[in-house]
Amino acid sequence: MPFATQLSAGLGLKPQHFEAARGCRADGLWFEVHSENYMVDGGPRLAWLEAVRAQHPLSLHGVAMSLAADDEPDAAHLARFKRLVERFEPVLVSEHLAWSTWRGAYHPDLLPFPRTVEALVRVGANIGRVQDVLKRRIAIENPSHYVRFDEHEFGEIEFLDELVRRTGCGLLLDVNNVYVSARNLDSDPIAYLDTFPAAHIEEIHLAGHSADPTFGEALLIDSHDAPVAPAVWALYEHLVARIGPRPTLIERDDNVPEFTALLAERERAHGTLGAPARRAA
Amino acid sequence: MKLFSPAAGRLRRFQEQFAHALVDPELNDPSGGVAQLVAQPGFAVYRNTVRKGCIDALQANYPAVMRLVGEEWMRAAAAEFARTHLPARPMLLEYGAQFASFLAEFAPAADLPYLPNVARLDRLWTEAHGARDETPIEPRQVTALAPDELARVTLRPHASARWQWFEQQPIFTIWSRNRDRGDDVEGNIEWRGEGALLVRPFDNVQAIALSRAEVAFLDACAAGQKLADAAQAALADEATADLAQLMARLLSAGAVGRIDIDRS
């Protein structure tokens, strides 16, 4: 069984919540961090993460491997990632179907690209390289979309499916991204969820979004600055009814509330997952 | 799915154009394949997210600067900086290494001649905070040295220790009063040079005012000079310096990470 079945619903871990997180004993709770925020040589951040890791399963979520850039993964960045994986022995490791670094400049975002055969070969090779160095499988996340491409040769699910076939990677399904993308590109989120390859989903993400200040509801932004929206909860419940329980993360990166508020959202996801029995992975 | 893909190199050209359009807000009519993307309202989301990511990071990494100039000024300066200095590495906790030098050349900051140096201390704090862990040398480890050993000793600054002398500007005082959003410290600031030490012997970064002699001493230690030579360097800068007190202060601050004894 490839899935980390002892995990129920988890939370994105923020530094201001370290103490509360460490002491929390909620059933099936786990935490996820952005790997880049722990790529330091030493200091209290790493010490705190060690302390949380001693109590809870941990997931490392990379935001900057730039897998879809037409370039190999940066060797120094990959080495830093590997050090974290070796030190914290995460239960899950994930990255994005996107690019962010180009010619040595990092753009703090998850940038889109035309899903062509050329891109498929490049992204597949890059995922393979990362998995070889980390000596483990990683899960690839579907990003949010804001612009329409004429050049796509693959649908996103078709592209992800092909990456799984070529590299043996897993998938991270971000339901909020599905909703935001479907609204922005006028597609059907239910159809997307119903055709997403369930067998390879290692993790699910849930987050809040916001309406663009200029274009309003016609342009939704994956801002992670609000509670999970009702429409996204409905999609999540639909998904879990189809595929069964998977480790599910509540992400919040801006307007971060008290730990208890995030825990309440986690409890809802935990309830949807039906509190799976704790078993060894 | 189409069966024929265009020649290789298209992804590279796409990224070249996209990255260019992303950071140049004037470029609303680019040539090449990204024109139809830039024309869509959603393209601005990418521009805004990249800009916001950089600005938020600078605001977080330069809290004393931010408190001195206010959020609006800070974000405007950060936006200007980010336009020409995208992060070179994807760890935003360390973004903005050149922000102090940028401020020194930034025309709107000309009325605040101390601002670049305050930014330098914010930067040194970041460096100290994420530096390699090292158990500091305790004062008794130095006092326990035999006299013949003392003559051959080099004190190595702690891995997290960062220090600087600021000529003619009370940067340590200004920075300390603005770094934390705690109680405002009242009282006039005496306008004279100050040194600062930021060091994280254990969990937290400690900020300590340094004399000119203490700065000279640490500089000499960092350059690998023997204890006696470092002491001379301190006295050369400040003839009346109390060396015993100087060493006690630096050692109890955790500023020394290693004692090397020359056995040759």
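The sequence lines fix the lettering, A, B, ..., with proteins before strands; numbering per chain opens at 1. Since the model is a prediction, treat every value here as computed from it, not as a measurement.
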Asker: Using distance alone, with no hydrogens and no angle criterion, decide if B:Arg75 and B:Gln59 have a side-chain donor and acceptor under 3.5 Å apart.
Answerer: yes

Asker: So which part of A:Asp254 gets closer than 4.5 Å to some heavy atom of chain B, the side chain, the backbone, both or neither?
Answerer: side chain

Asker: Quick one: what part of B:Tyr46 sits under 4.5 Å from any heavy atom of chain A, side chain, backbone, both or neither?
Answerer: both

Asker: Among B:Arg12, B:Gln15, B:Arg89, which residue forms the greatest number of heavy-atom pairs with chain A at distances under 4.5 Å?
Answerer: B:Gln15

Asker: Closest approach of A:Glu118 and B:Gly9, non-hydrogen atoms and distance?
Answerer: OE2-N, 2.8 Å

Asker: Report which part of B:Leu93 has an atom under 4.5 Å of a heavy atom belonging to chain A: side chain, backbone, both, or neither.
Answerer: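 The side chain, not the backbone.
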
Asker: Taking B:Glu127 for its side chain and B:Ser160 for its backbone only, find out whether a donor-acceptor pair lies under 3.5 Å.
Answerer: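 Here the side-chain-to-backbone pair does not exist.
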
Asker: Counting heavy-atom pairs closer than 4.5 Å to chain B, which one of A:Pro114, A:Ala119, A:Ala218 comes out on top?
Answerer: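 Most heavy-atom pairs under 4.5 Å with chain B: A:Pro114.
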
Asker: Give a yes-or-no answer on whether the side chains of B:Asp219 and B:Trp163 include a donor-acceptor pair shorter than 3.5 Å.
Answerer: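 Short answer, yes.
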
Asker: Select, from A:Arg80, A:Met39, A:His77, A:Arg115, the one with the greatest count of heavy-atom pairs under 4.5 Å involving chain B.
Answerer: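 That would be A:Arg80.
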
Asker: Counting heavy-atom pairs under 4.5 Å with chain A, which one of B:Ala44, B:Gly130, B:Pro90 comes out on top?
Answerer: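 Counting heavy-atom pairs under 4.5 Å, the top option is B:Pro90.
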
Asker: At a heavy-atom separation under 4.5 Å, does A:Leu110 approach chain B through its side chain, its backbone, both, or neither?
Answerer: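 Interface part for A:Leu110: backbone (N, CA, C, O).
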
Asker: Which of the residues B:Ala128, B:Ala57, B:Ala131, B:Ala82 is involved in the greatest number of heavy-atom pairs with chain A at under 4.5 angstrom?
Answerer: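 Ranked by contacts with chain A, first place is B:Ala131.
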
Asker: What residue, out of A:Val147, A:Asp222, A:Val40, has the most heavy-atom pairs lying under 4.5 Å from chain B?
Answerer: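 When all of A:Val147, A:Asp222, A:Val40 are compared, A:Val147 has the most.
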
Asker: Non-hydrogen atoms of chain B under 4.5 Å away: do they reach the side chain of A:Trp48, the backbone, both or neither?
Answerer: neither

Asker: Heavy atoms only: give me the nearest B:Val118-B:Ile171 pair and the separation to one decimal.
Answerer: N-CG2, 4.0 Å

Asker: Is any side-chain heavy atom of A:Val130 less than 4.5 Å from a side-chain heavy atom of A:Asn126?
Answerer: no

Asker: If we define contacts as heavy-atom pairs under 4.5 Å, which of A:Ile221, A:Thr101, A:Leu111, A:Asn184 has the most with chain B?
Answerer: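 Most heavy-atom pairs under 4.5 Å with chain B: A:Leu111.
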
Asker: Under a 4.5 Å cutoff for heavy-atom pairs, which residue among A:Ala68, A:Ser35, A:Pro112 has the most contacts with chain B?
Answerer: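 Of the candidates given, the most pairs with chain B belong to A:Pro112.
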
Asker: Considering only heavy atoms, which portion of B:Arg200 lies under 4.5 Å from any heavy atom of chain A: side chain, backbone, both, or neither?
Answerer: side chain

Asker: Would you kindly check if the NZ (Lys) or CZ (Arg) of A:Arg45 is within the cone defined by 45 degrees around the ring axis of A:Tyr38 and under 6.0 Å from the six-membered ring centre?
Answerer: yes

Asker: Between B:Glu94, B:His129, B:Glu134, who has the most heavy-atom pairs with chain A when the cutoff is under 4.5 Å?
Answerer: B:His129

Asker: Can you check whether B:Phe43 and B:Phe18 have ring centres sitting under 6.0 Å from each other?
Answerer: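 Yes.
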
Asker: Looking at A:Phe159 versus A:Phe113, is the centre-to-centre ring distance below 6.0 Å?
Answerer: yes

Asker: Flag this pair as yes if the NZ/CZ of B:Arg179 is under 6.0 angstrom from the six-membered ring centre of B:Trp125 and inside a 45 degree cone about the axis; otherwise no.
Answerer: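 Yes, B:Arg179 lies over the aromatic ring of B:Trp125.
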
